[in-house]
Amino acid sequence: MTTFLDLGVQEPIIETLTKRGYEKPTIVQEHTIPLVLKGNDLLALAETGSGKTAASVIPICQLIEPSDEGIQALIIVPTRELAMQYVTETQKIAHAKNIRSFSIVGGSDSSIQQAKLKSGVDILIATPGRLIDFIYNRLIDLSSVKILVLDEADEMLSMGFYEDLQFIMDCLVQKHQTLLFSATMPKEINILAQKHLINPIEIRLISDQPRPSSIEHWFSYSAPKAKLEKLVHEVKKQPINQAIIFAASRESAELLNKQLSSEFKACDFLHGGLTQEIRQIVTSKFRQGKIKYLIATDVAARGLDFSGVSHVFIYQLGKDPEVYLHRTGRTGRQNRSGVAITFISDKEIGVLKKVLEKTGIEPKWIDDIKPDLKAKQRFSLKKNPRKYPSKNRKPSNFKKSS
Ligand code: AMP
């Protein structure tokens, strides 16, 4: 068994880790910690749930000295929730060396954040937008940063932060080490890495890895109108500790929350349209177990580690097979068992086929009611143009929010 000591982690930090129940490193930590301690730049394909937060925080805490001036490590994350998760993880590990960590995120009082920065911060966690504001207004000095971490880089990209990331990286003119974590590797990330990373070591801890075998993948097939009834039935039937129920849009998350609240206690919803304060309250209530059923969109739930989630319900299947893996990956964390149940009607069969093809999942069908996956799609606009005269079609720029 590899230990933290084998990886080069020092005693005071190991003591803190042991107190937190981190007895041995996760696979991601086993691969990354020695490389980071050696000073390498890193391009890592790694997902939430793999222990990647600590994989960067542990060596960062070892490499920086609180007696040195200025911000020494800068961690950039896509969402406020992920920033909070980093702060919690960092504060626990950093305790061993009295390292001060802090986050600056959009939606919070900027003057408090400025005051805190002035009082001294060693590890700064930031979302790109707020960080850029601080840089533009000359409220932050990044000239002491020795380690830069970009986490969930692909997510930042899909949120439109590509140029912001380029700008932030351009601002760090001094010699520094960069760790880039991403769940997927679109070409822009590669371009960013080629431009800003120095001889990065690439580690791929996702693509070749089987999906967590601890998750059971169930599917429920019904007419679209019967979906809600089926969902309620399954939520009643399953031995749920905590569940996340994924909806496709903000509106649909709120509506579903209303519908489920009349059947179940302790429901709440989370989506990108809520204020930061509310998102934080909901997130922390869910973590504390005060909310049992969280109805969420992808933006809100991505990247978060909720260890009590025993079930994921997908009420509306996303278009991209990757999304299915992200959503179902909210359960079965750290090899606990988990159940994912997806509700399918005819119009989602095309996407379902792609998901099954890409993931290799053998679907299990509730009550053995299943669609004919080999049959051609019934509602193909291209093949049956006469069914939907073009003047009655939805506009092609019809957008869903999340
Ligand atoms: P992350 O992938 O960073 O979201 O981490 C997923 C979960 O694993 C979090 O709850 C961490 O606290 C936990 N964790 C990280 N490293 C370890 C470890 N070495 N041993 C046990 N739990 C860990």
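Ligands are counted one by one from 1 in listed order, and the atoms in each one are counted from 1 as well.
- Which parts of ligand 1 touch K24 is read off a 4.0 Å heavy-atom cut-off, strictly below it: atoms 18 (C), 19 (N), 20 (N).
- Close approach of ligand 1 to Q85 is summarised as follows: ligand atoms under 4.0 Å from at least one heavy atom of the residue are 4 (O).
- Residue E89 has at least one heavy-atom neighbour below 4.0 Å for each of these atoms of ligand 1: 12 (O).
- Within a 6.0 Å sphere centred on CD of E357, heavy atoms belonging to other residues, nucleotides or ligands number 12 at most.
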Enumerate, atom names and distances included, each donor-acceptor pair closer than 3.5 Å involving a side-chain atom of residues 230-238, sequence neighbours excluded.
residue : atom : partner : partner atom : Å
E234    : OE1  : Q238    : NE2          : 3.2
E234    : OE2  : K237    : NZ           : 3.3
K236    : NZ   : E263    : OE1          : 3.1
Q238    : OE1  : H311    : NE2          : 3.0

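- Checked by distance only, ligand 1 and F4 stay at 3.5 Å or farther apart across all their nitrogen or oxygen atoms.
- Contact check for H196 versus L180: no side-chain heavy atoms found under the 4.5 Å cut-off.
- Contact check for K24 versus T2: no side-chain heavy atoms found under the 4.5 Å cut-off.
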Can you list, pair by pair, the side-chain donor-acceptor contacts under 3.5 Å of residues 132-151, counting residues two or more places apart and other chains?
residue : atom : partner : partner atom : Å
N137    : ND2  : D133    : O            : 2.9
D141    : OD1  : S143    : N            : 2.9
D141    : OD1  : S143    : OG           : 2.7
D141    : OD2  : S143    : OG           : 3.3
K146    : NZ   : D68     : OD2          : 3.2
K146    : NZ   : Q72     : OE1          : 3.0
D151    : OD1  : K52     : NZ           : 3.2
D151    : OD2  : K52     : NZ           : 2.9
D151    : OD2  : Y86     : OH           : 2.8

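- Shown in contact with T53 at under 4.0 Å from a heavy atom are these atoms of ligand 1, numbered in order with element: 1 (P), 3 (O), 4 (O).
- Geometrically, ligand 1 and E23 share no nitrogen or oxygen pair separated by less than 3.5 Å.
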